Novice: 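Right, I'll just put the structure down here and ask away after.
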Amino acid sequence: ITSFIENNGQWPKINSKTPILFQTEQDDQFISLTTDGFYWEAYFRKLKHKNKLEHESELEHEKKEEESKFDYTKKFIQFKLLNCNKNPKIIKLNKTNFYFTYGDKELTSWGYHKIIYQNIYPNIDWIIQIDSIDGNIKYSFDLHQNSDVNNIQIQYLSDNNKKPQLIEKKLYIENLPFLLEESGLSAYKTENNPTQINYKIKKNKISFLIPNYKIGEPVFIDPWVQKV
């Protein structure tokens with residue numbers, strides 16, 4: 001599924017706490033958009049030990065299905081926007097040509113390839129897109145007049161609490177065997193006017209450093225995120 005499907009009640013809250021606004025599924029991965037970022041789950045499998053398989057076969061006395069030969073592990077990485085507006089205006093763009101059904105009619109939902117969170121920070125929009133062909137994820141920040149890039153603070157969370165690693169302008173977030181990579185970070189003051197930008201990591205919080213930046217001037221910030 002290469003679109004963000006709107007949640008009309010077909011998916012419960014994450015950990016019974018965090019509402020899902022949109023979700024996409026890719027192979028053994030689920031990416032859920034929330035009010036302050038996204039929650040990326042990945043499932044990994046490995047072949048069960050031979051002794052374990054034999055023991056289970058003896059217990060059940062029947063032929064096991066192919067999937068039952070594997071043990072599954074779930075890993076997650078959460079992208080969280082800190083101190084942001086938890087009630088932004090949501091704009092849904094690039095609607096799919098078909099809808100998705102989940103049993104009851106009221107759960108029927110449309111997919112979208114681009115979601116804009118307006119004023120996620122003062123005069124800053126957060127934009128998240130999914131490629132309709134390969135499913136790659138791209139997020140951006142559109143800083144309008146009178147905004148401040150210093151308001152943007154990001155935190156990646158997982159159950160191993162490992163800090164993001166910055167290597168040659170690429171950001172790696174690890175929860176082995178799950179690994180996310182942010183790459184291709186770029187910034188533009190106008191459409192054809194690129195400007196230098198770097199990641200800044202302090203106390204597990206990620207922000208952006210733009211040399212010669214003046215608070216209040218428009219900037220467009222644009223990285224890619226992918227599972228590697």
Side-chain angles (χ1 to χ4, degrees), residues 4 24 31 33-40 77-86 88-91 93-94 112-158 161-175 178-228:
F4 292 119
T24 185
I31 304 169
L33 303 189
T34 63
T35 56
D36 59 357
F38 59 76
Y39 190 94
W40 198 320
I77 294 175
Q78 181 182 4
F79 170 101
K80 187 177 180 65
L81 295 169
L82 302 176
N83 304 314
C84 70
N85 173 15
K86 295 293 184 65
K89 181 179 179 181
I90 303 294
I91 299 175
L93 299 174
N94 302 341
Y112 303 87
H113 295 112
K114 185 176 183 179
I115 308 294
I116 300 176
Y117 291 60
Q118 276 196 335
N119 284 310
I120 193 73
Y121 294 105
N123 299 311
I124 299 175
D125 299 337
W126 183 55
I127 305 162
I128 186 161
Q129 303 178 70
I130 184 168
D131 191 286
S132 60
I133 297 175
D134 58 26
N136 283 336
I137 301 295
K138 179 180 183 178
Y139 76 81
S140 311
F141 289 102
D142 191 359
L143 285 75
H144 303 288
Q145 200 77 35
N146 299 319
S147 60
D148 185 353
V149 72
N150 299 302
N151 285 334
I152 301 172
Q153 288 195 324
I154 301 166
Q155 192 168 39
Y156 275 105
L157 304 169
S158 67
N161 295 317
K162 193 163 185 178
K163 295 181 179 179
Q165 301 294 311
L166 184 58
I167 304 173
E168 296 180 353
K169 287 201 74 173
K170 291 183 179 180
L171 197 63
Y172 293 93
I173 304 93
E174 179 184 301
N175 188 6
F178 191 13
L179 181 66
L180 286 185
E181 175 192 271
E182 277 201 22
S183 61
L185 178 64
S186 58
Y188 297 84
K189 291 189 176 181
T190 59
E191 185 174 353
N192 297 311
N193 182 21
T195 188
Q196 186 179 351
I197 185 171
N198 296 293
Y199 289 108
K200 179 182 176 182
I201 304 177
K202 185 177 181 181
K203 295 182 178 179
N204 206 26
K205 296 177 183 178
I206 301 163
S207 55
F208 300 105
L209 184 62
I210 304 175
N212 303 316
Y213 169 77
K214 294 180 181 178
I215 292 176
E217 67 179 344
V219 180
F220 194 82
I221 299 172
D222 202 23
W224 283 90
V225 185
Q226 63 181 344
K227 178 176 173 286
V228 292

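Values below: all heavy atoms of this structure, side chains included; hydrogens, waters and symmetry mates excluded. The structure presented is a predicted model; accordingly, all values stated were derived computationally and were not measured. We're numbering straight along the sequence, starting at 1.
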Novice: Walk me through whether Ile221 and Leu185 qualify under side-chain contact (heavy atoms from CB on, under 4.5 Å).
Specialist: CA-CA 7 Å; Ile221 299 172; Leu185 178 64; 3.9 Å; yes

Novice: Could you give the distance from NE2 (His144) to CZ (Phe220), rounded to the nearest 0.5 Å?
Specialist: 9.5 Å

Novice: What pair of heavy atoms forms the shortest contact from Tyr121 to Leu82, and how long is it?
Specialist: OH-O, 2.6 Å

Novice: Could you check whether any side-chain heavy atom of Ser158 comes within less than 4.5 Å of a side-chain heavy atom of Phe178, counting everything from C-beta outward?
Specialist: no

Novice: Relative to the ring of Phe79, is the ring of Tyr139 parallel (under 30°), tilted (30 to 60°) or perpendicular (over 60°)?
Specialist: tilted

Novice: Hey, does the side chain of Gln165 reach the backbone of Lys163 with a donor-acceptor pair shorter than 3.5 angstrom?
Specialist: yes

Novice: Would you please name every residue forming a salt bridge (Lys or Arg N to Asp or Glu O under 4.0 Å) with Lys169, sequence neighbours left out?
Specialist: none

Novice: At what distance, to the nearest 0.5 angstrom, does OG1 of Thr195 lie from OH of Tyr188?
Specialist: 11.0 Å

Novice: Would you name the heavy atoms of Phe38 and Thr34 that are closest together and state the gap between them?
Specialist: N-OG1, 4.1 Å

Novice: Could you check Glu182, Lys162, Lys80 and say which one makes a side chain to side chain donor-acceptor pair (under 3.5 Å) with Tyr156?
Specialist: Glu182

Novice: Less than 4.5 Å apart, any side-chain heavy atom of Lys89 and any of Asn119?
Specialist: no

Novice: Answer yes or no: is there a side-chain heavy-atom contact under 4.5 Å between Leu81 and Phe141?
Specialist: yes

Novice: How would you list, by chain and number, every residue that makes a salt bridge (Lys or Arg N to Asp or Glu O under 4.0 Å) with Lys114, sequence neighbours excluded?
Specialist: none

Novice: Do you know which two heavy atoms are closest between Ser147 and Pro122, and how far apart they sit?
Specialist: CB-O, 3.8 Å

Novice: State, to 0.1 Å, how close Tyr172 and Glu181 come at their nearest heavy-atom pair, and which atoms those are.
Specialist: OH-OE1, 3.1 Å

Novice: Going by salt bridge (Lys or Arg N to Asp or Glu O under 4.0 Å), name the residues that satisfy it together with Lys138, two or more places apart in sequence or in a different chain.
Specialist: Asp222

Novice: When you look at Val149 and Val219, which way does the side-chain contact (heavy atoms from CB on, under 4.5 Å) test go after all the steps?
Specialist: CA-CA 8 Å; Val149 72; Val219 180; over 6 Å; no

Novice: Report, as yes or no, whether the 6.0 Å neighbourhood of atom CG on Asn83 holds more than 12 heavy atoms from other residues, nucleotides or ligands.
Specialist: no

Novice: Pro88 versus Gln118: any side-chain heavy-atom pair under 4.5 Å?
Specialist: no

Novice: Yes or no on side-chain contact (heavy atoms from CB on, under 4.5 Å) for Leu143 and Ile152, after CA distance, side-chain angles and deciding distance?
Specialist: CA-CA 10 Å; Leu143 285 75; Ile152 301 172; 4.1 Å; yes

Novice: Would you give the length of the straight line joining atom CH2 of Trp126 to atom CD1 of Ile116, rounded to the nearest 0.5 angstrom?
Specialist: 12.0 Å

Novice: Show your working on side-chain contact (heavy atoms from CB on, under 4.5 Å) between Ile130 and Ile31 and close with a plain yes or no.
Specialist: CA-CA 11 Å; Ile130 184 168; Ile31 304 169; 5.9 Å; no

Novice: If I take atom NE2 from residue His113 and atom CG from residue Asp131, how far apart are they, to the nearest 0.5 angstrom?
Specialist: 8.5 Å

Novice: For the residue pair Gln129 and Phe4, what are the closest heavy atoms and their distance?
Specialist: C-CE1, 3.9 Å

Novice: Quick check on Glu191: does its CD atom have over 12 non-hydrogen neighbours (other residues, nucleotides or ligands) under 6.0 Å away?
Specialist: no

Novice: Please identify which of these residues, Ile90, Ile91, Ile127, meets the side chain to side chain contact (heavy atoms under 4.5 Å, CB included) condition with Tyr117.
Specialist: Ile90

Novice: Nearest 0.5 Å, please: how far is NZ in Lys189 from CD in Glu217?
Specialist: 4.0 Å

Novice: Starting at CG of Asn123, measure out to CG of Asp142 and round the result to the nearest 0.5 Å.
Specialist: 10.5 Å

